[in-house]
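Here the structure comes first, spelled out in structure tokens, and everything after it is commentary.
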Amino acid sequence: MAAAPSSSGPFFGVREENQNQIMKQPHSSSSTGPRVDPWSPPPKKKRNQPGTPNPDAEVVALSPKTLMATNRFICEVCNKGFQREQNLQLHRRGHNLPWKLKQKTNKEVKKKVYLCPEPTCVHHDPSRALGDLTGIKKHYSRKHGEKKWKCEKCEKRYAVQSDWKAHSKTCGTREYRCDCGTLFSRRDSFITHRAFCDALAQETARHPTPLNSIGSQLYGSSNYMNLGFSQVGTQISSIQDHNNNQTRETLKLGGGSRNSQFDHLLPPSMGSSSSSFRTQQQQQQQSMVTSPGFVIQESNQIFNQELLGNNKSFHELMQFQENNSDNTSTSPSAAGLFNLGFLSNGGNNGGADYNLTSSGLLISDNFNNDNGGNGGGTNEPSNLFSKSLMSDQITSNIPSLFSSSIQNNSMVPQMSATALLQKAAQMGSSSSISNNNDNSLLRSFVTSSSTGTKTSNFNSIFGETTAGNHLHELMNSIASGNSPIFGSSSGVNTFNTYANRTSMEHEKTPPPPPQQQSLNVSGGGSDRLTRDFLGVGQTVRSMTGGATQQQQGIGLSSLSSERNTNITAPTSHHSFRGRGNFQ
Amino acid sequence: MFQDESSPLSSSSSPLQVFSMMSLSPNLGSPYPWLRELKSEERGLYLIHLLLTCANHVANGSLENANIALEQISQLASPDGDTMQRMAAYFTEALADRILKAWPGLHKALNSTRIALVSEEILVRKLFFEMFPFLKVAFVLTNQAVIEAMEGEKMVHIIDLNAAEPAQWVALIQALSARPEGQPHLRITGVHQRKEVLDQMAHRLTEEAEKLDLPFQFNPVVGKLENLDVEKLRVKTGEALAISSVLQLHSFLASDDEHHRKKSPLGSKNLNGVHLQRALQMNQSTLGELLEKDTVNGCSPSPDSASSSPLSSTGSVKIDGFLNALWGLSPKLMVVTEQDSNHNGSTLMERLLESLYSFAALFDCSESTAARTSLERFKVEKMLFGEEIKNIIACEGTERKERHEKLEKWIQRLNLAGFGNIPLSYYGMLHARRLLQGYNCDGYKMKEENGCVVICWQDRPLFSVSAWRCRK
């Protein structure tokens with residue numbers, strides 16, 4: 001909306017700062033919805049209704065020097081300079097010198113328009129000439145001149161003294177403080193900032209009923225992804241449903257919409273973000289409104305980073321996102337949120353991570369549900385592998401791959417501290433009930449690896465960290481023959497390093513048995529306790545074994561599903577046997 | 001000295017006390033390389049065990065044994081690892097801090113350059129507000145309670161005992177300005193240590209009220225809550241008063257008498273020096289046995305463990321005084337949000353076990369909310385959870401401020417202070433529930449208990465919200 005007047009008329013255009021135009025663009029597009037954004041500035045009153053300069057106006061082109069000469073008319077008596085001849089004439093009157101004021105004669109005076117001396121400037125063109133001398137002077141100073149007037153209070157610099165004066169009068173008297181802590185001396189910059197700052201959500205989410213207003217206020221005031229969802233409020237369920245359906249579709253039907261989905265897969269795989277993948281899928285499948293949204297966000301992000309620096313950009317982005325989701329329909333908002341994860345991945349770790357997590361929650365749930373009926377957890381990994389192996393099920397493999405990767409972040413029930421505490425307690429109670437510690441311990445460990453969900457299974461194979469989980473995803477991808485997609489992605493690097501690390505550690509690690517024996521010895525008197533930890537150690541050993549086998553498999557980079565199943569199954573057996581041997 | 005320690009154990013019937021009998025052979029789990037290769041689950045279990053062992057040594061004042069355990073834990077714990085690793089890192093720090101207090105010189109020297117960064121603290125609290133739904137739910141419930149209690153009132157005065165977050169009151173201003181019977185005159189009195197925080201709050205709220213043309217006044221009261229001068233709250237006759245306390249009341253439970261009681265045995269123990277021998281003589285108990293007790297007490301969110309804690313009966317004078325002062329203002333409504341955990345046990349082991357459970361839940365929350373690499377998450381965990389853990393574990397007496405107690409106890413206490421419970425608004429709960437659902441995470445749950453609300457992670461209650469009126 002700022003661009004239009006500036007292009008249509010020279011008078012107005014001058015005052016519009018480029019920056020503002022950029023700022024407003026994403027803003028106005030964000031409020032395309034029915035609701036009027038409370039922060040969008042009221043439409044500017046157009047002063048001097050701009051139009052093309054009078055065609056028969058005299059075009060004056062002054063050199064920069066003449067233009068900037070402050071006092072062209074000098075009094076010969078006192079050397080006082082004046083900007084206008086009229087003023088000099090009036091001044092001369094004080095010296096009792098002859099003076100003459102030009103009489104206003106409408107017909108006689110020809111309209112003058114002035115060109116900006118800067119050749120690159122739009123107002124250098126006669127068709128965009130400015131209507132008054134002061135205007136062109138100020139324009140030239142502001143746009144092409146040095147900003148030599150500096151506000152003492154706020155470091156702001158001005159090229160035109162009057163601008164500086166005007167600013168100095170109000171600077172500090174009226175300040176606009178955003179909730180994020182940023183201070184503004186100008187209302188417009190404050191408003192622009194607010195359009196992107198998180199605090200905005202508090203305003204935009206206002207609803208007529210008091211009840212709603214409480215909630216939306218509170219929802220809105222967060223910067224995080226989750227809130228992005230909650231802002232959508234009641235619509236959230238529909239997103240969920242949609243996702244649900246979609247995931248199911250992809251998982252179960254597989255071949256059905258395979259082609260299109262696979263297409264979407266390609267671009268985001270370079271971004272190595274699962275959320276972006278999902279987004280695109282959603283975007284294109286669900287609504288057409290979204291694609292422009294995507295573009296807007298992209299430009300917006302750049303803008304934000306430029307204007308406000310990286311540290312806040314994520315928040316603002318999220319904020320913007322929330323606007324967007326409020327104003328437009330549900331689906332683009334969801335998609336947009338995911339998009340953000342993709343976009344901000346590069347510069348903004350924290351941000352992207354949030355996105356990942358939350359979207360992960362969404363997706364992994366679905367995934368769990370879908371697989372819930374499949375029965376024993378032990379089968380899960382092999383299912384994954386075998387599915388992925390079959391070439392016509394590529395689509396079903398990809399989502400599962402992605403969702404399982406996210407799952408690792410959000411596998412709350414399985415690996416959570418709460419669950420661990422409870423498990424520890426459970427182990428304790430069962431051991432004392434049966435009074436046969438070995439068996440119960442054994443049982444519990446076997447249970448842990450056989451009835452756990454797929455993640456725990458993989459964890460038990462690959463061990464500790466998220467890297468391990470990465471490995472697992474990549475295993476999937478490699479096994480399924482999708483590796484080309486990931487060819488250059490950072491994920492592979494992760495995998496490689498991890499594999500290296502693991503193998504190194506493995507080499508470093510002396511064979512476990514002696515250690516365990518030493519453990520056994522040191523345990524001494526406290527029989528049960530020692531065995532408890534032996535149990536742990538034993539499992540670990542068996543797992544390391546498992547991991548080596550897996551790595552070999554990777555080395556070949558063509559893991560067959562059968563192989564995987566074989567490996568998985570023995571893993572638990574292995575520990576079982578190992579334990580038994582030990583006894 | 002041995003008797004010193006064992007007498008309270010035998011006198012107490014709480015099965016939790018068994019934990020302090022626990023010991024672990026120091027040789028076990030020495031830092032073999034394979035320790036580092038433990039997978040998450042086993043490592044977690046091992047960490048729990050080590051933490052309990054260590055806590056036991058710390059409780060006994062046995063620095064050398066504690067040191068061994070701490071060293072083992074340090075092999076496994078990590079502030080950027082999985083949930084249990086992170087948790088263990090902060091618990092370890094807390095335990096180390098506690099045992100180190102036996103050497104006041106060392107402790108002071110190590111902490112001599114520590115500065116309290118209030119601004120950081122405020123930031124972290126804001127992050128906590130933003131990352132987790134707990135405070136938001138509390139705010140929604142509080143505001144709806146206020147709106148309903150203030151229906152028809154022309155002069156509304158709200159006292160916020162911890163005025164750090166304007167969002168809540170902005171929402172209220174909006175709600176009040178839109179209420180059908182017309183706008184009230186609203187006054188909000190905010191109590192906070194920092195003037196800047198209050199200034200910002202004032203600015204934000206005034207701006208909002210101006211925008212909505214609501215007659216509004218903000219009354220900042222700079223200072224610590226414990227030194228609050230009730231006069232400064234400027235409660236006037238004729239106005240309807242509502243008080244909001246979010247996570248503030250528990251600090252008034254800190255009392256000095258306990259200080260002496262607890263400090264002296266610890267001190268004497270330390271004078272006696274190291275107790276390696278003794279620890280070795282102690283009954284050996286298994287992790288299993290140990291955790292079985294845990295099942296009874298910790299897993300079931302039974303309030304028994306809380307009420308059986310001997311300390312609670314010794315009412316703190318401070319809290320009574322404060323509640324009486326509040327009662328004296330005759331508020332029409334008081335909404336209290338508190339951590340719903342029993343972190344105010346008299347013994348270290350009691351508190352450790354309880355806090356293990358509740359912080360496990362909190363760390364799980366942050367695991368589900370933020371990525372492991374997230375700096376915000378790290379900050380919240382270190383500067384909020386970590387500091388709370390440290391306060392619960394390492395501090396005693398008046399220093400120990402984080403005396404979170406269960407809702408039952410607050411109900412008792414508030415009843416005694418002359419407050420009557422008001423059931424929370426149905427609409428408020430409805431809305432809060434929707435907010436939780438909006439988080440799109442199964443973990444967050446909300447339970448209603450006799451008109452009060454308990455916000456949980458899975459089955460573990462974490463925060464309670466209750467509304468009160470002045471019973472004349």
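Naming convention: chains lettered A, B, ... in sequence-line order (proteins, then strands); numbering from 1 in each chain.
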| query | Does CD belonging to B/Glu151 count more than 12 external heavy atoms closer than 6.0 Å? | reply |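 Not buried by this count: 12 neighbours or fewer within 6.0 Å.
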| said: Suppose we screen for salt bridge (charged side-chain N to carboxylate O under 4.0 Å, His left out). Which residues come up paired with B/Asp199, at least two apart in sequence or across chains? | reply: B/Lys195
| query | Is there a donor-acceptor contact under 3.5 Å from the side chain of B/Asp364 to the main chain of A/Ser416? | reply |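 A pair under 3.5 Å: no.
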| field | side-chain hydrogen bond (donor to acceptor under 3.5 Å, both in side chains) involving B/Thr206 - partner list, sequence neighbours excluded | value |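 B/Thr206 satisfies side-chain hydrogen bond (donor to acceptor under 3.5 Å, both in side chains) with no other residue.
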| query | Which is it for A/Thr418 and B/Tyr357 under the side chain to side chain contact (heavy atoms under 4.5 Å, CB included) test, yes or no, and what are the steps along the way? | reply | CA-CA 7 Å; A/Thr418 312; B/Tyr357 274 98; 5.6 Å; no
| Of all heavy-atom pairs between A/Leu421 and B/Met84, which one has the smallest distance, and what is that distance? |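 Minimum heavy-atom contact is CG-CE, 4.2 Å.
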| remark: Heavy-atom nearest pair, B/Glu41 first then A/Leu420, reads O-CD2, 3.4 Å
| query | What distance do B/Ile48 atom CD1 and A/Lys423 atom NZ have between them, rounded to the nearest 0.5 Å? | reply |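 Answer rounded to 0.5 Å: 10.5 Å.
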